[in-house]
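Comments concern the structure below.
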Amino acid sequence: MGKGITSRSEDYSQWYNDLVIKADLAENSAVRGCMVIKPYGYGIWERMQAILDKRFKETGHTNAYFPLFIPKSFFSKEAAHVEGFATECAVVTHYRLKNDGEGNIVVDEEAKLEEELIVRPTSETIIWNTYKGWVESYRDLPILVNQWANVVRWEMRTRLFLRTAEFLWQEGHTAHATRDEAVEEAERMLEVYAEFAEKILAVPVIRGRKTENERFAGALDTYCIEALMQDGKALQAGTSHFLGQNFAKAFDVKFTSKEGKQEHVWATSWGVSTRLMGALIMAHSDDQGLVLPPKLAPIQVVIVPIYKTDEEKSRIDNFVDALIAEFKQMDISFKYDDRDTQRPGFKFAEWELKGVPLRIAVGARDLQNGTVELARRDTQSKETVAQEGLAVTIQNTLALIQENIYQKALQFRDAHITAVDSYEAFKEVLENKGGFIACHWDGTAETEKRVKEETKATIRCIPLDAKQEKGVCIFTGKPSSQKVLFAKAY
């Protein structure tokens, strides 16, 4: 296993924490519940941002930015929304500090705000208050806006990337003239997320719809993508919400239709966050460290020179310079690790820990033989390959690695979807195998709540491709027309 990393079989939770820290992704900060995303971890997030942002713009969206602080009164305008976030809100009550005369800095009690401000837990309220001034006619629609931002949701029990008091995300907020357009938008953005998860993160996902109990606060429908981690727990990797006219009515956002009628607009919101970093780590990595899919890796190829003399180093440099020129033309990201402060063995272990997909080792003898050593992170295999056509070999191998990582995760996921027809079988699978459990459910929130209390499993989603099939709820024996997916989850 990687140095200082607990094995997955010994303690999966500790393995995850060790890996995040040892791989230089993030660390806990001096602010309780908040994290510092370190440069290497932020580099991965930047790759996610860049790829998603391109996809958003290809689907007609533009970026904007809205205030971090939201007047408390805004939340009271949408009852279901405020109820969903009330226990997680950070509240600003004063606007000034002062010296108490004894060398201490204290809150100036005379500087109390007339109205408290909520530190953004999500932006529906402030954005829909803004949209009121943007919309008058059907000609002003649709509004297709995305925001990259930080949000604060006060968490008592935190884990790096998975659950922190402050985290980074994007949130799309759109306004439409008709219900059908809004539903189409919510479904379109779910597919954008699903395609990103599978093609870029190499994480297979199940596209589904949340139950009423699990919907986003204030939504009429919540679509989701659910992924499965190596410990058999599910992770919600993205959501897209059809908000109906709830927020438009709460903030009186109306437009004049083509027929000259005053109507409330229809809304969606959708988002993914730095939780995707947790999904990436737990779906692919091993006891040696990170395993990164090439399409997301900040460094796709690391080159390590092996030499004894300055003359050998100079000849290797010349070879690497020519190779790097080809990498640049092919848009392959690379790192030439020619530090003279560390031995090659240390560098091998470091880049293995950091999940770099491919490693090239080249020495004086390799130059004579016209070869290099190529090591794959995903299979931990090594082979000697020719220098001739090496850049093309690298390009093809990166594609193979991307596909292999996805297929490995897909096989694991598919092997951990179990259909059951009794509550006893449900509990046995949950205890001994984990993963997704497909079973009939009677459609009631009461049954959903009872199962969660007894087993800690929740309905992750009603799969969008689920077939209508008659059966009986395994918990109550009542009639059911469709199976849902249960799992324990992060």
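Contact record, R55 with I51: NH1-CG2, 2.9 Å, taken as the closest heavy-atom pair. Across all their heavy atoms, T178 and W266 have their closest contact at C-CD1, 3.4 Å. Across all non-hydrogen atoms, the minimal contact from I405 to P293 is CD1-CA, 3.8 Å. In plain terms, the two heavy atoms of A237 and L276 that are nearest each other are O-CD2, 3.3 Å. Across all non-hydrogen atoms, the minimal contact from A202 to A409 is O-CB, 3.9 Å. Among all heavy-atom pairs drawn from P71 and I126, the shortest one is CD-CD1, 4.5 Å.
Counting heavy atoms of neighbouring residues, nucleotides and ligands inside a 6.0 Å radius, atom NZ of K449 does not exceed 12 of them. E83 CD: 12 or fewer foreign heavy atoms inside a 6.0 Å radius. Heavy atoms from other residues, nucleotides or ligands lying under 6.0 Å from CH2 of W154 number 12 at most. Counting heavy atoms of neighbouring residues, nucleotides and ligands inside a 6.0 Å radius, atom CD of E469 exceeds 12 of them. Around the CG atom of N432, the shell of radius 6.0 Å holds more than 12 heavy atoms that belong to other residues, nucleotides or ligands. Within 6.0 Å of the CD atom in E195, the count of heavy atoms belonging to other residues, nucleotides or ligands exceeds 12. Taking a 6.0 Å sphere around CD of Q407, one finds it holds more than 12 heavy atoms contributed by other residues, nucleotides or ligands. For E454, the CD atom is densely surrounded, since the number of other residues' heavy atoms within 6.0 Å is greater than 12.
No donor-acceptor distance shorter than 3.5 angstrom exists from the side chain of T164 to the backbone of F161, with no hydrogens or angles considered. A donor-acceptor pair under 3.5 Å links the side-chain atoms of S285 to the main chain of V291, judged by distance alone. A distance-only check finds a donor-acceptor pair linking the side chain of D140 to the backbone of E136 [under 3.5 Å]. The backbone N or O of R215 sits nowhere less than 3.5 Å from a side-chain atom of T222 that would complete a donor-acceptor pair. At distances below 3.5 Å, at least one donor-acceptor pair connects side-chain atoms of R275 with backbone N or O atoms of L162.
In this structure, the ring-ring contact (aromatic ring centres under 6.0 Å, His included) partners of F56, at least two apart in sequence or on a different chain, are W270. Partners of H440 by ring-ring contact (aromatic ring centres under 6.0 Å, His included), not counting sequence neighbours: none found.
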Where do E226 and K210 land on the salt bridge (Lys or Arg N to Asp or Glu O under 4.0 Å) test, with the steps shown first? CA-CA 10 Å; E226 295 286 332; K210 288 292 187 182; 2.9 Å; yes

Run the ring pair (Phe, Tyr, Trp, His ring centres under 6.0 Å) check on F85 and F216 step by step: do they pass? CA-CA 10 Å; F85 288 100; F216 176 73; 5.8 Å; yes

Is there a side-chain hydrogen bond (donor to acceptor under 3.5 Å, both in side chains) between E214 and T458 once you walk through the steps? CA-CA 9 Å; E214 293 287 333; T458 58; 5.0 Å; no

Given T59 and M189, is the side-chain contact (heavy atoms from CB on, under 4.5 Å) satisfied, shown in steps? CA-CA 9 Å; T59 49; M189 298 318 295; 4.2 Å; yes

List the steps, then state whether side-chain contact (heavy atoms from CB on, under 4.5 Å) holds for R159 with V20. CA-CA 10 Å; R159 294 188 68 188; V20 170; over 6 Å; no

Should V272 and M48 be marked as a side-chain contact (heavy atoms from CB on, under 4.5 Å) after you check the CA-CA gap, both sets of side-chain angles, and the distance that decides it? CA-CA 10 Å; V272 295; M48 292 185 184; over 6 Å; no

Output, in order, the C-alpha distance, side-chain angles, deciding distance and verdict of side-chain contact (heavy atoms from CB on, under 4.5 Å) for K335 and V356. CA-CA 10 Å; K335 169 76 174 179; V356 173; over 6 Å; no

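Here the options are I21, I281, D11, I5, the test is side chain to side chain contact (heavy atoms under 4.5 Å, CB included), and the partner is Y16; only I281 passes. Each of R413, R207, K295 was checked for a salt bridge (charged side-chain N to carboxylate O under 4.0 Å, His left out) with E198, and the lone residue meeting it is R207. Of the residues I225, L464, I417, the one that meets the side chain to side chain contact (heavy atoms under 4.5 Å, CB included) test with I206 is I417.
E263 has its side chain within reach of F255: a pair of non-hydrogen atoms, C-beta onward, lies under 4.5 Å apart. Contact of the Q482 side chain with the I462 side chain is registered, since non-hydrogen atoms from C-beta on lie closer than 4.5 Å. Within the 4.5 Å cutoff, no side-chain heavy atoms of Y490 are placed close to those of R163. The shortest distance between side-chain heavy atoms of W45 and I37 does not fall below 4.5 Å. Here the side chains of H173 and L243 are not in contact, with every heavy-atom distance at 4.5 Å or above. By the 4.5 Å heavy-atom criterion applied to side chains, H284 and V203 are counted as neighbours. Counting only heavy atoms from C-beta outward, the side chains of Y406 and Q402 never approach each other to under 4.5 Å. Contact annotation: the side chain of L25 approaches that of L290 to within less than 4.5 Å [non-hydrogen atoms, C-beta and beyond].
For T476 and D442, the side-chain atoms include at least one donor-acceptor pair closer than 3.5 Å. For the residue pair Q14/D18, the side-chain donor-acceptor check at 3.5 Å is satisfied. With no hydrogens or angles considered, no side-chain donor-acceptor pair links R120 and T122 at under 3.5 Å.
Atom CG of L144 sits about 8.0 Å away from atom OG1 of T268, to the nearest 0.5 Å. Taken to the nearest 0.5 Å, the NZ atom of K483 stands 12.5 Å off from the SG atom of C473. Atom NE2 of residue H416 and atom CG of residue L228 lie 7.0 Å apart, to the nearest 0.5 angstrom. For the atom pair CD (Q147) and CD (E171), the distance works out to 4.5 Å, reported to the nearest 0.5 Å. Between the CD1 atom in I70 and the CD1 atom in I118 there is a gap of 8.0 Å [rounded to 0.5 Å]. Going from atom CH2 of W15 over to atom CG of D286 covers 8.0 Å, rounded to the nearest 0.5 Å.
F486 has its ring centre less than 6.0 Å from the ring centre of F426.
Remark: E185 engages R188 in a salt bridge, criterion side-chain N to carboxylate O under 4.0 Å. Taking a cutoff of 4.0 Å between a charged side-chain nitrogen and a carboxylate oxygen, K54 and E58 qualify as a salt bridge. Between R8 and D231 there is no salt bridge, since none of the side-chain N atoms of the basic residue sits less than 4.0 Å from a carboxylate O of the acidic one.
Remark: K132 fails to qualify as a cation-pi partner of F251 under the 6.0 Å distance and 45° angle criteria applied to the six-membered ring. Judged by the 6.0 Å and 45° rule, K427 forms a cation-pi pair with Y423.
Relative ring orientation between W128 and Y131 is described as perpendicular, the plane-to-plane angle rising above 60° on a 0-90° scale split at 30° and 60°.
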